[in-house]
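Remarks on the structure that follows.
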Amino acid sequence: MKKASNFKDRVYAIAAKIPKGKVTTYGKLAAIAGVPGAARAVGNAMRTNKDTNAVPCHRVVGSTGALTGYAYGNGLATKRAMLKKEGVAFKGERVDLSTALWEG
DNA sequence: CGACTGACCTCGC
DNA sequence: GGCGAGGCCAGTC
């Protein structure tokens with residue numbers, strides 16, 4: 001392990017810490033990882049992620065709570081289904097950050 | 001090492 | 001709140 005840069009490893013660790021029924025944004029995740037503004041890098045780390053079981057990348061959404069992408073299952077459809085199943089509040093096609101936002 | 005890509009964010013209208 | 005353009009960061013080829 002420890003092959004990936006500290007940043008990526010950090011992102012995975014944080015993503016794995018997200019409690020069930022909660023979600024966070026790429027920007028927040030990047031900030032918590034120690035690199036505010038690296039939201040795109042976070043998305044990259046998630047996309048390259050292969051351990052969905054250990055890294056619930058589906059718990060990471062956009063700043064507005066909109067599901068941006070998912071590399072597994074049926075994409076956003078699966079992502080949304082998983083979040084709903086975990087008890088995340090939804091606003092139509094977007095997550096209700098007012099109640100399901102995890103700030104760490 | 002150089003350039004392109006990507007699951008974003010912020011600013012302005 | 002939605003649409004369009006610019007910019008930042010890390011990873012991969």
Side-chain angles (χ1 to χ4, degrees):
Chain A
M1 0 201 322
K2 296 305 301 315
K3 253 81 68 31
S5 300
N6 196 357
F7 177 74
K8 214 166 132 188
D9 185 38
R10 196 79 56 84
V11 174
Y12 288 125
I14 297 167
K17 288 179 201 164
I18 302 175
K20 180 165 156 288
K22 290 276 184 173
V23 295
T24 189
T25 66
Y26 294 93
K28 265 282 210 215
L29 193 51
I32 298 168
V35 186
R40 298 185 83 166
V42 175
N44 248 5
M46 290 287 146
R47 201 185 193 281
T48 56
N49 169 35
K50 293 289 196 234
D51 294 283
T52 56
N53 183 42
V55 185
C57 38
H58 64 268
R59 285 182 191 160
V60 187
V61 299
S63 59
T64 60
L67 309 183
T68 48
Y70 194 61
Y72 304 96
N74 293 319
L76 303 180
T78 301
K79 185 174 180 176
R80 193 176 55 193
M82 290 170 76
L83 291 171
K84 275 182 155 182
K85 204 186 288 189
E86 292 187 352
V88 176
F90 266 80
K91 290 281 194 171
E93 298 298 298
R94 294 182 203 166
V95 180
D96 183 7
L97 299 178
S98 303
T99 60
L101 179 60
W102 181 75
E103 302 179 46

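Sequence lines set the chain letters: A, B, ... in the order given, protein chains first and strands last, and positions in each chain run from 1. The analysis underlying the following values was restricted to heavy atoms, covering all of them including side chains, and did not include hydrogens, waters or symmetry mates.
Separating the CE atom of A:M46 from the C1' atom of C:dA10 is a distance of 13 Å, rounded to the nearest angstrom. Between the OH atom of A:Y26 and the C1' atom of C:dA10 there is a distance of 15 Å, rounded to whole Å. Between A:F7 atom CZ and C:dG11 atom C1' there is a gap of 10 Å when expressed in whole angstrom units. A:I18 places its CD1 atom 13 Å from the C1' atom of B:dA7, with the value rounded to the nearest Å. Computed from coordinates, the A:L29 CG to C:dC9 C1' distance equals 13 Å when rounded to whole Å. The separation between A:K91 atom NZ and C:dG1 atom P is 11 Å, rounded to whole Å. In this structure, the CD1 atom of A:I32 is 13 Å from the P atom of B:dC9, given to the nearest Å. Spacing between atom CG of A:D9 and atom P of C:dC9 amounts to 21 Å, rounded to whole angstrom units.
Nearest nucleotide to the A:N44 side chain, out of C:dA10, B:dA7, B:dC8: C:dA10.
Side chain A:Y70 to base B:dA7: no donor-acceptor pair is found below 3.5 Å.
Nucleic acid contact for A:A38: sugar-phosphate only, since backbone atoms but no base atoms lie under 4.0 Å from a heavy atom of the residue.
Scanning both residues, A:F7 and A:A41, for their nearest heavy atoms gives CE2-CB, 3.5 Å. Nearest heavy atom pair, residue A:A15 against residue A:M46, reads CB-CE, 3.7 Å.
The OH atom of A:Y12 lies 11.0 Å from the CG atom of A:L29; values are rounded to the nearest 0.5 Å.
OP1 and OP2 of C:dG11 both lie 4.0 Å or more from every side-chain N or O belonging to A:T48. Between A:R94 and C:dG2 there is a side-chain polar atom (N or O) within less than 4.0 angstrom of OP1 or OP2. In this structure, A:K8 reaches the C:dT12 phosphate: one of its side-chain N or O atoms is under 4.0 Å from OP1 or OP2. Remark: A:R47 is in phosphate contact with B:dA7, judged by side-chain N or O atoms under 4.0 Å from OP1 or OP2. Taking 4.0 angstrom as the limit, A:S63 places none of its side-chain polar atoms (N or O) nearer than this to OP1 or OP2 of B:dC8.
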A:W102/A:K17 under side-chain contact (heavy atoms from CB on, under 4.5 Å): CA gap, chis, key distance, verdict: CA-CA 10 Å; A:W102 181 75; A:K17 288 179 201 164; 4.1 Å; yes

Worked verdict on A:E103 versus A:K28 for side-chain contact (heavy atoms from CB on, under 4.5 Å): CA-CA 7 Å; A:E103 302 179 46; A:K28 265 282 210 215; 3.9 Å; yes

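Between A:A45 and A:R40, the one whose closest nucleotide on DNA chain C sits nearer the 5' end is A:R40.
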